[in-house]
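Following: one structure in structure tokens, then a few remarks.
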Amino acid sequence: MSTADESRIHARQMREKAKELDRAAEGAADPQEKQRLRDEARRLRDQSEQESGMASGDIYPDR
């Protein structure tokens, strides 16, 4: 398995975890916990986008 393949797999896993966190946030009764879960989900999505961009050879993933 190539490094690019591993990066794509890792990025997919992070996106899946972000979805789980979003679902958990929807069910959270405590507003602070809800926000914490959403923030963590957003961080994982951002990180997965960066990894996906790097795996595809895009050296400027934010553009």
Side-chain angles (χ1 to χ4, degrees):
M1 184 178 307
S2 72
T3 302
D5 290 338
E6 290 175 8
S7 291
R8 279 190 286 275
I9 290 168
H10 189 244
R12 184 176 350 114
Q13 289 171 337
M14 284 190 286
R15 286 190 300 272
E16 289 171 6
K17 180 65 177 175
K19 287 178 187 177
E20 290 175 20
L21 290 169
D22 281 331
R23 283 192 296 270
E26 289 301 317
D30 178 34
Q32 289 180 332
E33 179 68 3
K34 184 177 289 217
Q35 188 61 48
R36 185 192 70 76
L37 291 166
R38 286 184 175 155
D39 290 345
E40 179 66 11
R42 186 179 321 110
R43 185 189 68 76
L44 283 173
R45 278 191 297 275
D46 291 346
Q47 189 176 351
S48 75
E49 287 175 19
Q50 269 191 328
E51 281 201 24
S52 292
M54 292 185 330
S56 69
D58 184 359
I59 60 170
Y60 301 108
D62 292 344
R63 293 187 184 179

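Residue numbers start at 1 and run along the sequence shown.
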Which residue, R8, M14, E6, forms the side-chain contact (heavy atoms from CB on, under 4.5 Å) with H10?
-> M14
Under 3.5 Å side-chain donor-acceptor pair for R36 and Q32 | no
Go through the side-chain N and O atoms of D46 and Q50 and say whether any donor and acceptor fall under 3.5 Å apart.
-> no
E51 versus S7, closest heavy-atom pair with distance = OE1-O, 3.6 Å
Nearest heavy-atom neighbours spanning A11 and S48 = O-CB, 3.4 Å
Within 6.0 angstrom of K34 NZ, more than 12 heavy atoms from elsewhere = yes
Nearest-0.5 Å distance, NZ of residue K17 to CZ of residue R43 = 11.0 Å
Tell me, do R38 and E26 make a side-chain contact under 4.5 Å, heavy atoms counted?
-> yes
Roughly how far apart are L37 CG and R42 CZ, rounded to 0.5 Å?
-> 11.5 Å
Where do D22 and A41 come nearest, in terms of heavy atoms and distance?
-> OD1-CB, 3.4 Å
